[in-house]
Number of protein chains: 2
Amino acid sequence: MINSRFAVAIHILSLVASGPREKVTSEYIAGSVNTNPVVIRRITGMLKKAGLLQSQVGTPGAVLTRDPGEISLLDIYLAVQEKEVLFSMHENPNPQCPVGKNIQSALEDTFHTAQTAMEKELASKSLQDIRTRMTL
Amino acid sequence: MINSRFAVAIHILSLVASGPREKVTSEYIAGSVNTNPVVIRRITGMLKKAGLLQSQVGTPGAVLTRDPGEISLLDIYLAVQEKEVLFSMHENPNPQCPVGKNIQSALEDTFHTAQTAMEKELASKSLQDIRTRMTL
DNA sequence: CACCTATGTAACCATTATAGTTACAATTAA
DNA sequence: TTAATTGTAACTATAATGGTTACATAGGTG
(Lines give C-alpha, C1' and ligand atoms only; values in the text may rest on other atoms or scores of the structure.)
Protein backbone atom coordinates (compact mmCIF):
# COMPACT_ATOMS: atom_id res chain seq x y z
CA MET A 1 0.00 0.00 0.00
CA ILE A 2 1.29 3.38 -1.00
CA ASN A 3 1.80 5.74 1.94
CA SER A 4 -0.43 8.70 2.70
CA ARG A 5 2.25 11.25 1.88
CA PHE A 6 0.92 11.34 -1.65
CA ALA A 7 -2.58 12.27 -0.48
CA VAL A 8 -1.22 14.82 1.99
CA ALA A 9 1.03 16.34 -0.67
CA ILE A 10 -1.94 16.90 -2.96
CA HIS A 11 -3.79 18.44 -0.05
CA ILE A 12 -0.88 20.77 0.70
CA LEU A 13 -0.48 21.88 -2.89
CA SER A 14 -4.20 22.49 -3.21
CA LEU A 15 -4.07 24.84 -0.24
CA VAL A 16 -0.98 26.61 -1.50
CA ALA A 17 -2.64 27.04 -4.89
CA SER A 18 -5.75 28.56 -3.33
CA GLY A 19 -4.58 30.49 -0.36
CA PRO A 20 -3.12 33.97 0.00
CA ARG A 21 0.52 33.26 0.68
CA GLU A 22 0.54 34.73 4.17
CA LYS A 23 -2.05 32.28 5.35
CA VAL A 24 -0.77 28.91 4.21
CA THR A 25 1.77 28.29 6.94
CA SER A 26 2.63 24.75 8.01
CA GLU A 27 0.51 25.43 11.08
CA TYR A 28 -2.50 26.36 8.99
CA ILE A 29 -2.06 23.46 6.58
CA ALA A 30 -1.68 21.06 9.50
CA GLY A 31 -5.04 22.28 10.75
CA SER A 32 -6.70 21.39 7.47
CA VAL A 33 -4.95 18.05 7.05
CA ASN A 34 -5.39 17.33 10.75
CA THR A 35 -1.85 16.42 11.67
CA ASN A 36 1.31 17.88 13.14
CA PRO A 37 2.99 20.90 11.46
CA VAL A 38 6.29 19.04 11.28
CA VAL A 39 4.69 16.34 9.17
CA ILE A 40 3.64 19.08 6.78
CA ARG A 41 7.09 20.64 6.70
CA ARG A 42 8.65 17.25 6.04
CA ILE A 43 6.48 16.73 2.98
CA THR A 44 6.87 20.35 1.94
CA GLY A 45 10.60 19.72 1.96
CA MET A 46 10.17 16.89 -0.51
CA LEU A 47 7.98 18.99 -2.76
CA LYS A 48 10.51 21.77 -2.61
CA LYS A 49 13.35 19.41 -3.50
CA ALA A 50 11.30 18.27 -6.49
CA GLY A 51 10.91 21.89 -7.53
CA LEU A 52 7.15 22.06 -7.12
CA LEU A 53 7.01 24.84 -4.53
CA GLN A 54 9.11 27.54 -2.96
CA SER A 55 9.50 28.67 0.64
CA GLN A 56 12.13 30.11 2.93
CA VAL A 57 13.05 30.20 6.57
CA GLY A 58 11.53 33.13 8.39
CA THR A 59 8.98 33.86 5.71
CA PRO A 60 5.55 32.36 6.35
CA GLY A 61 3.84 30.30 3.70
CA ALA A 62 4.83 28.87 0.36
CA VAL A 63 4.13 29.41 -3.31
CA LEU A 64 3.91 27.14 -6.33
CA THR A 65 6.71 27.34 -8.84
CA ARG A 66 4.32 26.85 -11.73
CA ASP A 67 0.69 26.82 -12.65
CA PRO A 68 -1.53 24.12 -11.05
CA GLY A 69 -2.43 23.01 -14.56
CA GLU A 70 1.25 22.34 -15.19
CA ILE A 71 1.76 20.11 -12.16
CA SER A 72 0.76 16.53 -12.85
CA LEU A 73 -0.18 14.07 -10.15
CA LEU A 74 2.77 11.99 -11.31
CA ASP A 75 5.09 14.91 -10.50
CA ILE A 76 3.66 14.95 -7.00
CA TYR A 77 3.73 11.18 -6.64
CA LEU A 78 7.38 10.95 -7.63
CA ALA A 79 8.27 13.83 -5.33
CA VAL A 80 7.13 12.03 -2.19
CA GLN A 81 7.98 8.43 -3.09
CA GLU A 82 11.52 7.37 -2.35
CA LYS A 83 11.35 3.95 -3.98
CA GLU A 84 11.14 4.22 -7.74
CA VAL A 85 9.83 0.67 -8.02
CA LEU A 86 6.25 -0.19 -7.12
CA PHE A 87 6.49 -3.97 -6.76
CA SER A 88 8.93 -5.72 -4.43
CA MET A 89 10.91 -8.68 -5.58
CA HIS A 90 12.23 -11.59 -3.52
CA GLU A 91 16.02 -11.55 -3.43
CA ASN A 92 18.40 -14.30 -4.52
CA PRO A 93 16.17 -16.95 -6.04
CA ASN A 94 18.10 -20.16 -6.64
CA PRO A 95 20.02 -19.97 -9.94
CA GLN A 96 20.26 -23.79 -10.02
CA CYS A 97 16.52 -23.92 -10.66
CA PRO A 98 15.20 -22.99 -14.12
CA VAL A 99 12.42 -20.95 -12.56
CA GLY A 100 14.66 -19.35 -9.94
CA LYS A 101 17.15 -18.48 -12.63
CA ASN A 102 14.70 -16.65 -14.89
CA ILE A 103 11.91 -15.38 -12.69
CA GLN A 104 13.46 -12.03 -11.90
CA SER A 105 13.92 -10.74 -15.40
CA ALA A 106 10.44 -11.98 -16.33
CA LEU A 107 8.89 -10.19 -13.38
CA GLU A 108 10.92 -7.05 -13.77
CA ASP A 109 9.48 -6.57 -17.19
CA THR A 110 5.92 -7.38 -16.21
CA PHE A 111 5.96 -5.29 -13.07
CA HIS A 112 7.39 -2.36 -14.94
CA THR A 113 4.58 -2.47 -17.45
CA ALA A 114 1.94 -2.47 -14.72
CA GLN A 115 3.62 0.37 -12.89
CA THR A 116 3.84 2.39 -16.06
CA ALA A 117 0.13 1.96 -16.68
CA MET A 118 -0.60 3.50 -13.30
CA GLU A 119 1.90 6.29 -13.72
CA LYS A 120 0.56 7.15 -17.12
CA GLU A 121 -2.84 7.63 -15.54
CA LEU A 122 -1.36 9.91 -12.89
CA ALA A 123 0.52 11.84 -15.54
CA SER A 124 -2.72 12.58 -17.34
CA LYS A 125 -4.21 14.47 -14.37
CA SER A 126 -3.09 17.78 -12.98
CA LEU A 127 -3.34 19.51 -9.64
CA GLN A 128 -5.82 21.81 -11.33
CA ASP A 129 -8.03 18.84 -12.19
CA ILE A 130 -8.19 17.99 -8.50
CA ARG A 131 -8.98 21.60 -7.60
CA THR A 132 -11.72 21.71 -10.19
CA ARG A 133 -13.20 18.50 -8.87
CA MET A 134 -13.27 19.93 -5.36
CA THR A 135 -15.07 23.13 -6.22
CA LEU A 136 -17.91 21.33 -7.96
CA MET B 1 5.71 -0.39 -2.15
CA ILE B 2 3.85 -3.59 -2.75
CA ASN B 3 5.19 -6.54 -0.73
CA SER B 4 7.14 -9.41 -2.23
CA ARG B 5 4.37 -11.94 -1.64
CA PHE B 6 3.12 -11.20 -5.13
CA ALA B 7 6.47 -12.07 -6.69
CA VAL B 8 6.83 -15.17 -4.52
CA ALA B 9 3.29 -16.28 -5.35
CA ILE B 10 4.05 -16.13 -9.06
CA HIS B 11 7.22 -18.09 -8.42
CA ILE B 12 5.31 -20.75 -6.48
CA LEU B 13 2.63 -21.13 -9.11
CA SER B 14 5.23 -21.37 -11.86
CA LEU B 15 6.86 -24.26 -10.06
CA VAL B 16 3.56 -25.98 -9.39
CA ALA B 17 2.63 -25.58 -13.03
CA SER B 18 5.89 -27.13 -14.19
CA GLY B 19 6.78 -29.72 -11.65
CA PRO B 20 5.64 -33.28 -11.17
CA ARG B 21 3.35 -33.03 -8.19
CA GLU B 22 5.47 -35.17 -5.89
CA LYS B 23 8.39 -32.80 -6.15
CA VAL B 24 6.91 -29.38 -5.49
CA THR B 25 6.76 -29.54 -1.73
CA SER B 26 7.05 -26.38 0.35
CA GLU B 27 10.58 -27.50 1.13
CA TYR B 28 11.47 -27.75 -2.53
CA ILE B 29 9.81 -24.48 -3.43
CA ALA B 30 11.55 -22.76 -0.54
CA GLY B 31 14.83 -23.94 -2.01
CA SER B 32 14.06 -22.29 -5.31
CA VAL B 33 12.69 -19.07 -3.82
CA ASN B 34 15.45 -19.08 -1.22
CA THR B 35 13.39 -18.64 1.92
CA ASN B 36 11.82 -20.64 4.73
CA PRO B 37 9.24 -23.36 3.92
CA VAL B 38 6.74 -21.76 6.30
CA VAL B 39 6.80 -18.59 4.26
CA ILE B 40 5.88 -20.69 1.25
CA ARG B 41 3.07 -22.45 3.07
CA ARG B 42 1.71 -19.14 4.29
CA ILE B 43 1.44 -17.84 0.74
CA THR B 44 0.22 -21.19 -0.53
CA GLY B 45 -2.58 -20.89 2.00
CA MET B 46 -3.64 -17.56 0.48
CA LEU B 47 -3.55 -18.99 -3.02
CA LYS B 48 -5.58 -21.94 -1.86
CA LYS B 49 -8.14 -19.68 -0.22
CA ALA B 50 -8.43 -17.79 -3.49
CA GLY B 51 -9.05 -21.09 -5.27
CA LEU B 52 -5.92 -21.02 -7.40
CA LEU B 53 -4.38 -24.25 -6.15
CA GLN B 54 -5.15 -27.38 -4.20
CA SER B 55 -3.23 -29.26 -1.53
CA GLN B 56 -3.87 -31.32 1.56
CA VAL B 57 -2.27 -32.23 4.81
CA GLY B 58 -0.17 -35.36 4.58
CA THR B 59 0.02 -35.33 0.81
CA PRO B 60 3.18 -33.69 -0.58
CA GLY B 61 2.96 -31.00 -3.20
CA ALA B 62 0.15 -29.03 -4.75
CA VAL B 63 -1.70 -28.74 -8.04
CA LEU B 64 -3.29 -25.90 -9.93
CA THR B 65 -7.07 -25.82 -10.04
CA ARG B 66 -7.06 -24.52 -13.59
CA ASP B 67 -4.88 -24.03 -16.61
CA PRO B 68 -1.97 -21.54 -16.27
CA GLY B 69 -3.46 -19.66 -19.21
CA GLU B 70 -6.62 -19.17 -17.18
CA ILE B 71 -4.90 -17.66 -14.16
CA SER B 72 -4.32 -13.94 -14.57
CA LEU B 73 -1.69 -12.01 -12.67
CA LEU B 74 -4.54 -10.00 -11.21
CA ASP B 75 -6.01 -13.19 -9.74
CA ILE B 76 -2.67 -13.83 -8.07
CA TYR B 77 -2.22 -10.24 -6.98
CA LEU B 78 -5.62 -10.10 -5.34
CA ALA B 79 -5.04 -13.45 -3.66
CA VAL B 80 -2.03 -12.25 -1.70
CA GLN B 81 -2.98 -8.62 -1.08
CA GLU B 82 -5.15 -8.01 1.94
CA LYS B 83 -5.81 -4.32 1.34
CA GLU B 84 -8.07 -3.77 -1.64
CA VAL B 85 -6.98 -0.15 -1.94
CA LEU B 86 -3.60 0.78 -3.39
CA PHE B 87 -3.27 4.38 -2.19
CA SER B 88 -3.50 5.42 1.45
CA MET B 89 -5.53 8.41 2.49
CA HIS B 90 -5.00 10.74 5.45
CA GLU B 91 -7.83 10.38 7.95
CA ASN B 92 -10.12 13.11 9.23
CA PRO B 93 -9.18 16.18 7.22
CA ASN B 94 -10.78 19.30 8.67
CA PRO B 95 -14.39 19.65 7.42
CA GLN B 96 -14.32 23.38 8.29
CA CYS B 97 -11.87 23.90 5.45
CA PRO B 98 -13.15 23.82 1.86
CA VAL B 99 -10.19 21.71 0.80
CA GLY B 100 -10.35 19.45 3.84
CA LYS B 101 -14.03 18.96 3.27
CA ASN B 102 -13.76 17.84 -0.34
CA ILE B 103 -10.32 16.35 -0.77
CA GLN B 104 -11.27 12.82 0.14
CA SER B 105 -13.94 12.22 -2.44
CA ALA B 106 -11.80 13.88 -5.08
CA LEU B 107 -8.86 11.66 -4.28
CA GLU B 108 -10.90 8.51 -3.90
CA ASP B 109 -12.02 8.86 -7.47
CA THR B 110 -8.61 9.71 -8.85
CA PHE B 111 -6.80 7.01 -6.92
CA HIS B 112 -9.32 4.44 -7.99
CA THR B 113 -8.77 5.26 -11.64
CA ALA B 114 -5.00 4.90 -11.31
CA GLN B 115 -5.33 1.64 -9.45
CA THR B 116 -7.68 0.30 -12.08
CA ALA B 117 -5.21 1.12 -14.83
CA MET B 118 -2.60 -1.00 -13.10
CA GLU B 119 -5.00 -3.85 -12.38
CA LYS B 120 -6.19 -3.91 -15.94
CA GLU B 121 -2.64 -4.41 -17.04
CA LEU B 122 -2.24 -7.31 -14.60
CA ALA B 123 -5.52 -8.79 -15.76
CA SER B 124 -4.24 -8.90 -19.31
CA LYS B 125 -1.35 -11.21 -18.46
CA SER B 126 -1.56 -14.84 -17.37
CA LEU B 127 0.65 -17.20 -15.44
CA GLN B 128 1.29 -18.91 -18.74
CA ASP B 129 2.65 -15.65 -20.18
CA ILE B 130 5.21 -15.58 -17.39
CA ARG B 131 6.12 -19.21 -17.97
CA THR B 132 6.54 -18.56 -21.66
CA ARG B 133 8.74 -15.59 -20.98
CA MET B 134 10.95 -17.71 -18.73
CA THR B 135 11.53 -20.52 -21.18
CA LEU B 136 12.70 -18.20 -23.92
C1' DC C 1 0.44 -50.91 13.49
C1' DA C 2 4.53 -47.87 13.68
C1' DC C 3 7.18 -44.55 11.45
C1' DC C 4 8.30 -41.02 8.37
C1' DT C 5 7.12 -37.05 5.90
C1' DA C 6 4.49 -33.10 4.65
C1' DT C 7 0.83 -29.63 5.33
C1' DG C 8 -1.38 -26.15 8.09
C1' DT C 9 -1.06 -22.89 11.90
C1' DA C 10 0.11 -20.53 15.97
C1' DA C 11 3.39 -17.90 18.20
C1' DC C 12 7.30 -15.20 18.51
C1' DC C 13 11.15 -12.19 16.83
C1' DA C 14 13.85 -8.73 14.14
C1' DT C 15 13.67 -5.30 10.83
C1' DT C 16 11.75 -1.56 8.52
C1' DA C 17 8.55 2.16 7.18
C1' DT C 18 5.48 5.43 8.71
C1' DA C 19 3.52 9.13 11.13
C1' DG C 20 3.52 11.84 15.19
C1' DT C 21 6.08 14.58 18.58
C1' DT C 22 9.54 17.60 21.06
C1' DA C 23 13.26 20.56 20.63
C1' DC C 24 15.96 23.94 18.64
C1' DA C 25 18.91 26.64 15.31
C1' DA C 26 18.46 29.96 11.61
C1' DT C 27 16.00 33.61 9.42
C1' DT C 28 12.79 37.13 8.44
C1' DA C 29 9.71 40.99 9.55
C1' DA C 30 7.51 44.16 12.67
C1' DT D 1 14.69 43.32 20.05
C1' DT D 2 10.97 40.34 19.79
C1' DA D 3 7.80 37.22 17.79
C1' DA D 4 6.78 34.03 14.35
C1' DT D 5 8.05 30.64 11.02
C1' DT D 6 10.84 27.36 8.41
C1' DG D 7 13.98 23.54 8.34
C1' DT D 8 15.93 19.56 10.74
C1' DA D 9 17.43 16.32 14.02
C1' DA D 10 16.10 13.04 17.21
C1' DC D 11 13.06 10.16 19.49
C1' DT D 12 8.71 7.35 19.96
C1' DA D 13 4.79 4.28 18.94
C1' DT D 14 2.63 1.44 15.75
C1' DA D 15 2.06 -1.69 12.05
C1' DA D 16 3.53 -4.66 8.23
C1' DT D 17 6.69 -7.91 6.69
C1' DG D 18 9.45 -11.89 6.44
C1' DG D 19 11.93 -15.40 8.95
C1' DT D 20 11.89 -18.95 12.56
C1' DT D 21 10.55 -22.64 15.95
C1' DA D 22 7.16 -25.71 17.43
C1' DC D 23 3.59 -28.80 16.93
C1' DA D 24 -0.97 -30.96 15.77
C1' DT D 25 -2.95 -33.46 11.93
C1' DA D 26 -3.08 -36.50 8.10
C1' DG D 27 -1.33 -39.47 4.37
C1' DG D 28 1.80 -43.16 2.75
C1' DT D 29 4.85 -47.12 3.42
C1' DG D 30 7.42 -50.82 5.51
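Reckoned from all heavy atoms, side chains included, excluding hydrogens, waters and symmetry mates. Sequence lines set the chain letters: A, B, ... in the order given, protein chains first and strands last, and positions in each chain run from 1.
In this structure, Arg41(A) atom CZ and dA25(C) atom P are separated by 15 Å, rounded to whole Å. When the P atom of dG20(C) is taken as reference, atom CG of Asn92(B) falls 11 Å away, rounded to whole Å. Here dG7(D) presents its C1' atom at 12 Å from CD of Gln56(A), a figure rounded to the nearest Å. Between the OH atom of Tyr28(A) and the C1' atom of dT5(D) there is a distance of 17 Å, given to the nearest Å. The CD-P distance, from Gln54(A) to dT27(C), rounds to 16 Å in whole Å. Atoms NZ (Lys83(A)) and P (dA16(D)) sit 19 Å apart, rounded to a whole Å. In this structure, Asn34(B) places its CG atom 10 Å from P of dT20(D), rounding to the nearest Å. Taking atom CD1 on Ile2(B) and atom C1' on dG18(D), their separation rounds to 17 Å, with Å as the unit.
Here the nucleotide nearest the side chain of Val38(B), chosen from dT18(C), dG8(C), dA10(C), is dA10(C). Distances from the side chain of Ser55(A) to the nucleotides dT6(D), dG20(C), dG8(C) place dT6(D) closest. Checking dG20(C), dT20(D), dA6(C) against every side-chain atom of Pro60(B), the shortest atom distance belongs to dA6(C).
Nearest-nucleotide assignment on DNA chain D puts the 5′-proximal partner with Lys48(A), out of Lys48(A) and Met1(B). Comparing Gly58(B) and Val57(A), the nucleotide of DNA chain C nearest to each residue sits closer to the 5' end for Gly58(B).
Counting any heavy atom pair closer than 4.0 Å across all strands shown, Glu82(A) reaches sugar-phosphate atoms only and no base atom. At the heavy-atom level, Asn3(A) lies under 4.0 Å from the strands shown only through sugar-phosphate atoms. In this structure, Lys49(A) reaches neither bases nor backbone, as no heavy-atom distance under 4.0 Å exists between it and the strands shown. Arg42(A) comes within contact range of at least one nucleobase, with a heavy-atom separation under 4.0 Å.
Using a 4.5 Å cut-off on side-chain heavy atoms (C-beta onward), Gln104(B) and Leu107(B) make no contact. Within the 4.5 Å cutoff, side-chain heavy atoms of Ile29(A) are placed close to those of Val33(A). In this structure, the side chains of Leu86(B) and Met118(A) come closer than 4.5 Å at one or more pairs of heavy atoms.
Taking side-chain N and O atoms only, Thr25(A) has no distance below 4.0 Å to OP1 or OP2 of dT5(D). Put simply, Thr59(A) has no side-chain N or O that comes within less than 4.0 Å of OP1 or OP2 on dT28(C). Contact between the side-chain N/O atoms of Thr35(B) and the OP1/OP2 oxygens of dG18(D) is not found at any separation under 4.0 Å.
Ring geometry, Phe87(A) versus Phe111(A): the interplanar angle falls under 30°, so the pair is classed parallel (tilted spans 30 to 60°).
Asp75(A) places no side-chain N or O within donor-acceptor distance of the main-chain N or O of Ile71(A), the cut-off being under 3.5 Å.
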